[in-house]
Amino acid sequence: MKSLSDLLSAIRPEKIIGSVSKEISSLECDSRKIKLGSLFVAVRGYNVDGHKFIPIVTLAGAAAIVCEELPERLESGVTYIKVENSAEALGCLASQWWGNPSRKLRLVGVTGTNGKTTTATLIYEMARMMGHKAGLLSTVCNYIDSEAVPANQTTPDPLTLNELLHQMVVAGCTYAAMEVSSHAAHQHRIAGLHFAGAVFSNLTRDHMDYHKTFEAYRDAKKSFFDKLPDDAFALVNEDDRNGEFMLQNTRARKFTYSLRSDADFTGRIIESRLDGTLMQFNGHDVEVLFTGRFNAYNLTAVYATGCLLGWDKEQVLVDMSRLVPVAGRFQTLHSQTGITAIVDYAHTPDAVVNVLTAISDILNKKGSIITVVGAGGNRDKGKRPIMAREAALRSDRLVLTSDNPRDEDPAEIIAEMAAGLDSAELRDRTISITDRREAIRTAIMLAKPGDVVLIAGKGHESYQEIKGVKHHFDDREVVAEVFGTF
C-alpha cells in the first residue's frame with residue numbers, strides 16, 4: 001500500500017477533485033488489472049485511449065484516477081487527478097511507487113538506430129568485470145545481475161521498467177545499462193528516471209511506420225538528451241552528423257567519441273580479421289574479439305562510458321580485450337569445409353551496409369559474399385527496396401526471403417524488396433526464396449571454401465512471427481544443421 005498524497009508528490013497535477021488522504025493498493029494503466037483501491041492512469045496510447053475505460057475502472061473499485069481529461073460524470077468517493085500528460089505522469093508515478101530505484105543506481109541509457117544492444121550489453125558486462133553488481137535492459141534479454149529475465153520490448157513500459165530497476169537495487173546492483181528506443185522516449189516510458197549518462201550511437205532511417213518522418217524520429221531521440229540532469233554525462237558519436245544535434249539543449253556534461261577525427265575519446269582500427277580487430281583507444285593498443293567498423297564505434301563508446309563512470313582506465317583497457325560479441329550480432333559459425341556464416345540482427349539499410357562493408361574489407365576479394373536478407377511485415381515499407389539494393393550492391397549473390405512477415409504476405413514483402421534492384425546486373429545475382437530455412441540452406445550450398453554467408457535481419461531471435469503466431473526459428477540453429485550435413 002502507498003499513500004496517494006505521497007505518490008502525487010512526484011507529479012504536478014493541474015487539478016485534484018476528491019481526497020488525497022487514502023491508501024493505494026496498486027498502480028495500473030491496464031483497466032483489466034484494476035482491483036479495490038487501485039490508482040488508474042488513463043494513457044492515450046498509440047492504438048487505445050485509456051480514458052474510455054474510466055467508467056469501467058470506477059466500477060471495478062479504483063480509488064483514484066489520473067487523466068488528461070476529466071469524465072463528464074464524477075463518481076462519489078473516487079479521487080480525480082487531472083494532468084497535462086498522462087503518459088509522463090505514469091512514468092513519474094511508477095518511479096515513486098517503486099522507491100525511485102534509478103536514483104539508487106548509476107543508470108546509463110543508450111540510444112540510436114544501430115548499436116544500442118551491443119553497447120548497452122557491453123557496458124553491463126564491463127561493470128561486472130569491474131567487480132560491480134549490475135543490471136541490463138535490452139532487446140535480447142534483461143538481467144538482474146546474473147539472473148536472466150526475458151525481454152518483450154526494447155524498452156519496457158514504465159511499471160515493468162521501474163519494477164525491474166527495483167529488483168536490481170534489491171539484488172545489490174549499483175550500475176545498470178539500458179537501451180532507450182525512440183518509441184520509449186516519445187511515449188514517455190523513461191519519464192521519472194534519473195540517468196547517470198546517455199550514449200548516442202548513430203541515426204539512420206528506421207521506424208517510419210511509427211514516427212512518419214525522419215525529423216520526428218530524430219527529435220524523439222533528442223528528447224532523451226534534452227531531459228538529462230546536469231550531473232549526468234551526454235556522450236555522442238562525433239562522426240554522425242546528428243551527434244552535435246543531440247547535445248544542443250542538454251544540461252548534461254558533453255563528450256564526444258570518434259573513429260575519424262579528434263574527440264574526447266578516439267578509437268582507431270589498426271588491423272581487422274573475421275575473428276577480431278587490433279584497435280587503439282586514446283592511443284592505447286588493444287586486441288578485441290569484434291569485427292567491423294560499426295563494432296569499433298560501439299567499443300569506443302563502451303571505452304568512453306567506462307572512463308566517464310570513473311572506472312580505472314588501465315583496467316577498462318584490459319577488460320576491453322575480454323569482452324565478447326553479443327548473441328546474434330556478427331556471430332560467426334564455421335563449417336569444416338572452410339565456409340563462414342555470419343548471423344547478424346542488421347534489419348535497416350545502414351546496418352546491412354555496415355556489416356557487408358566489414359566483411360568485404362576483411363575478405364579483400366579473396367572470397368565471395370552470399371547474403372540472405374528479408375524485411376519484417378507491418379513495419380516501415382519504404383526501407384524494403386533500399387535494403388535489397390544495398391545488399392545486392394555489396395554481395396556476389398543475394399537471396400531475398402522472409403523475416404517476420406507478421407500479418408503480411410511474405411511473397412509481397414519480397415516483391416517490394418526486389419523492386420529496389422534497378423539494374424539487370426543486380427537482378428541477375430539475386431534469387432527469391434520465401435521459405436527462410438530453404439533460403440539459408442541454398443545460400444550455404446552456393447558458397448565455396450573461403451566464402452562468407454551473411455544471414456541478416458533476425459540475429460538473436462528464436463522465432464518467426466507469421467499471422468500472429470510465433471513459430472520456433474533460429475538462424476543459428478539452421479546454419480548448424482546445414483553445416484552438419486557437409
Side-chain angles (χ1 to χ4, degrees), residues 110 112-126 129 140 199 201-202 235 237-240 256-307 311 313-334 338-346 350-367 369 371 394 450-456 459-460:
V110 182
T113 303
N114 302 309
K116 294 189 299 295
T117 299
T118 294
T119 303
T121 302
L122 296 184
I123 292 169
Y124 156 77
E125 294 287 1
M126 182 170 283
M129 285 180 179
V140 177
V199 181
S201 60
N202 50 66
L235 174 67
N237 181 354
E238 177 77 7
D239 298 340
D240 187 288
T256 59
Y257 67 97
S258 170
L259 296 188
R260 297 201 304 256
S261 57
D262 290 336
D264 297 299
F265 301 94
T266 59
R268 299 288 185 264
I269 297 174
I270 308 302
E271 180 184 347
S272 292
R273 305 177 308 279
L274 279 175
D275 62 349
T277 304
L278 176 61
M279 286 193 66
Q280 277 188 354
F281 298 107
N282 280 11
H284 301 282
D285 288 6
V286 179
E287 188 76 42
V288 297
L289 300 173
F290 296 76
T291 298
R293 180 167 291 273
F294 63 97
N295 267 327
Y297 276 108
N298 296 336
L299 290 167
T300 305
V302 173
Y303 166 74
T305 299
C307 294
W311 296 337
K313 292 182 180 180
E314 293 299 320
Q315 191 58 48
V316 168
L317 289 168
V318 170
D319 288 343
M320 293 297 295
S321 67
R322 299 167 55 202
L323 293 170
V324 298
V326 177
R329 267 63 176 179
F330 211 88
Q331 191 168 353
T332 58
L333 300 96
H334 305 279
I339 298 170
T340 298
I342 296 174
V343 176
D344 193 89
Y345 189 55
D350 185 64
V352 169
V353 169
N354 289 339
V355 176
L356 286 170
T357 300
I359 297 170
S360 180
D361 289 347
I362 294 165
L363 284 180
N364 195 24
K365 299 182 179 180
K366 294 178 182 176
I369 302 174
T371 299
R394 293 164 177 80
D451 291 349
V452 172
V453 178
L454 170 65
I455 302 155
H460 65 283

A.B. asks: With a 4.5 Å heavy-atom cut-off, do Asp344 and Ile455 have their side chains touching?
C.D. replies: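 With C-beta onward as the side chain, the pair stays apart.
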A.B. asks: With sequence neighbours excluded, what pairs up with Asp285 under the side chain to side chain contact (heavy atoms under 4.5 Å, CB included) test?
C.D. replies: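 Asp285 satisfies side chain to side chain contact (heavy atoms under 4.5 Å, CB included) with Leu278, Gln280 only.
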A.B. asks: Is a side-chain N or O of Thr119 found less than 3.5 angstrom from the main chain of Gly115, in a donor-acceptor match?
C.D. replies: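 At least one qualifying donor-acceptor pair exists.
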A.B. asks: Taking all atoms of both residues into account, what is the closest heavy-atom pair of Ser258 and Arg260, and its distance?
C.D. replies: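 For Ser258 versus Arg260, the nearest heavy atoms are OG-N, 2.9 Å.
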A.B. asks: Does CG in Asp262 sit with more than 12 non-hydrogen atoms of other residues, nucleotides or ligands closer than 6.0 Å?
C.D. replies: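 Not buried by this count: 12 neighbours or fewer within 6.0 Å.
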A.B. asks: What I'd like to find out is whether the side chain of Thr305 reaches to under 4.5 Å of the side chain of Trp311, using heavy atoms alone.
C.D. replies: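 No, every pair of side-chain atoms sits at 4.5 Å or beyond.
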A.B. asks: Do Tyr303 and Tyr257 have side chains that approach each other closer than 4.5 Å (heavy atoms only, starting at C-beta)?
C.D. replies: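 Not touching, per the 4.5 Å side-chain cut-off.
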A.B. asks: We want to know whether Asn282 and Thr266 form a side-chain donor-acceptor pair, criterion being a heavy-atom distance below 3.5 angstrom.
C.D. replies: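 Yes, Thr266 and Asn282 have a side-chain donor paired with an acceptor closer than 3.5 Å.
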A.B. asks: Decide yes or no for Val316 and Met126: does some side-chain heavy atom of the first lie under 4.5 Å from some side-chain heavy atom of the second?
C.D. replies: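 Yes, close enough: below the 4.5 Å cut-off.
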A.B. asks: If you compare all heavy atoms of Val355 against all heavy atoms of Ala346, which two are closest, and at what distance to 0.1 Å?
C.D. replies: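 For Val355 versus Ala346, the nearest heavy atoms are CG2-CB, 4.2 Å.
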A.B. asks: State, yes or no, whether a side-chain contact exists between Leu454 and Ile359 at a heavy-atom distance under 4.5 Å.
C.D. replies: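 SC-SC contact between Leu454 and Ile359 confirmed.
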A.B. asks: So, does Thr277 use its side chain to make a donor-acceptor pair with the main chain of Met279 at under 3.5 Å?
C.D. replies: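 Not a single qualifying donor-acceptor pair exists.
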A.B. asks: Could you tell me whether the side chain of Thr291 and the main chain of Leu274 form a donor-acceptor pair under 3.5 Å?
C.D. replies: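 A pair under 3.5 Å: yes.
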A.B. asks: Side chains of Ile369 and Asp451: does their closest heavy-atom pair fall under 4.5 Å?
C.D. replies: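 Side chain of Ile369 against side chain of Asp451, heavy atoms only: no contact under 4.5 Å found.
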A.B. asks: Quick one: do the Thr121 and Thr118 side chains pair a donor with an acceptor below 3.5 Å?
C.D. replies: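 No, no side-chain donor-acceptor contact under 3.5 Å.
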A.B. asks: Report yes or no: does Arg268 contribute a side-chain atom to a donor-acceptor pair with the main-chain N or O of Phe281 at less than 3.5 Å?
C.D. replies: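 No; judged by distance alone, with no hydrogens or angles, the pair does not exist.
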A.B. asks: So, Asp350 versus Asn114: side-chain donor-acceptor pair below 3.5 Å or not?
C.D. replies: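 On atom types as modelled, these side chains qualify, holding a pair under 3.5 Å.
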A.B. asks: Mind checking whether Leu289 and Leu323 have side chains closer than 4.5 Å, heavy atoms only?
C.D. replies: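 Side chain of Leu289 against side chain of Leu323, heavy atoms only: no contact under 4.5 Å found.
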A.B. asks: Can a donor-acceptor pair be found, under 3.5 Å and without considering hydrogens, that links the side chain of Thr332 to the backbone of Ile342?
C.D. replies: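 No: the side chain of Thr332 does not pair with the backbone of Ile342.
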A.B. asks: To the closest 0.5 Å, what do you measure between CZ (Phe265) and CG (Leu259)?
C.D. replies: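 Taking CZ in Phe265 and CG in Leu259, the distance rounds to 14.0 Å.
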A.B. asks: Between Glu287 and Arg322, is there a salt bridge with N-O shorter than 4.0 Å?
C.D. replies: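 Between Glu287 and Arg322 there is no salt bridge, as every charged N stays at least 4.0 Å from the carboxylate O atoms.
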A.B. asks: How many angstroms lie between atom CZ of Arg329 and atom CD of Gln331, to the nearest 0.5 angstrom?
C.D. replies: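 Answer for the CZ-CD pair, Arg329 versus Gln331, is 10.0 Å.
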A.B. asks: Looking at Phe294, is its backbone amide N or carbonyl O close enough to the side chain of Asn354 to form a donor-acceptor pair, meaning the two atoms are under 3.5 Å apart?
C.D. replies: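 No, because the side chain of Asn354 does not come within donor-acceptor range (under 3.5 Å) of the backbone of Phe294.
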A.B. asks: Between Asp239 and Tyr297, is any side-chain donor less than 3.5 angstrom from a side-chain acceptor?
C.D. replies: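 Short answer, yes.
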A.B. asks: Rounded to the nearest 0.5 Å, what separation is found between the CG atom of Asp264 and the CG atom of Leu235?
C.D. replies: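 The CG atom of Leu235 is 8.5 Å from CG of Asp264, to the nearest 0.5 Å.
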A.B. asks: Give the minimum heavy-atom separation between Asp240 and Ser201, together with the two atoms involved.
C.D. replies: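 Smallest heavy-atom distance, with atoms named: CB-O, 4.5 Å.
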A.B. asks: Distance from Glu238 atom CD to Ser261 atom OG, nearest 0.5 Å?
C.D. replies: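 One finds 5.0 Å between CD of Glu238 and OG of Ser261.
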A.B. asks: Side-chain contact test, heavy atoms from C-beta onward, threshold under 4.5 Å: evaluate it for Val343 versus Leu333 and give yes or no.
C.D. replies: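 Contact flag for Val343/Leu333 side chains = yes.
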A.B. asks: Any sub-3.5 Å donor-acceptor pair from Glu125's side-chain atoms to Leu122's backbone N or O?
C.D. replies: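 Here the side-chain-to-backbone pair does not exist.
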A.B. asks: Can you name the closest pair of heavy atoms from Ala301 and Val199 and give their distance?
C.D. replies: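 The pair with the smallest heavy-atom distance is CB-CG1, 4.0 Å.
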A.B. asks: Using the side chain to side chain contact (heavy atoms under 4.5 Å, CB included) criterion, which residues pair with Thr357? Sequence neighbours excluded.
C.D. replies: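 Testing Thr357 for side chain to side chain contact (heavy atoms under 4.5 Å, CB included), a comparison that skips the adjacent residues, returns Val353, Asp361, Arg394.
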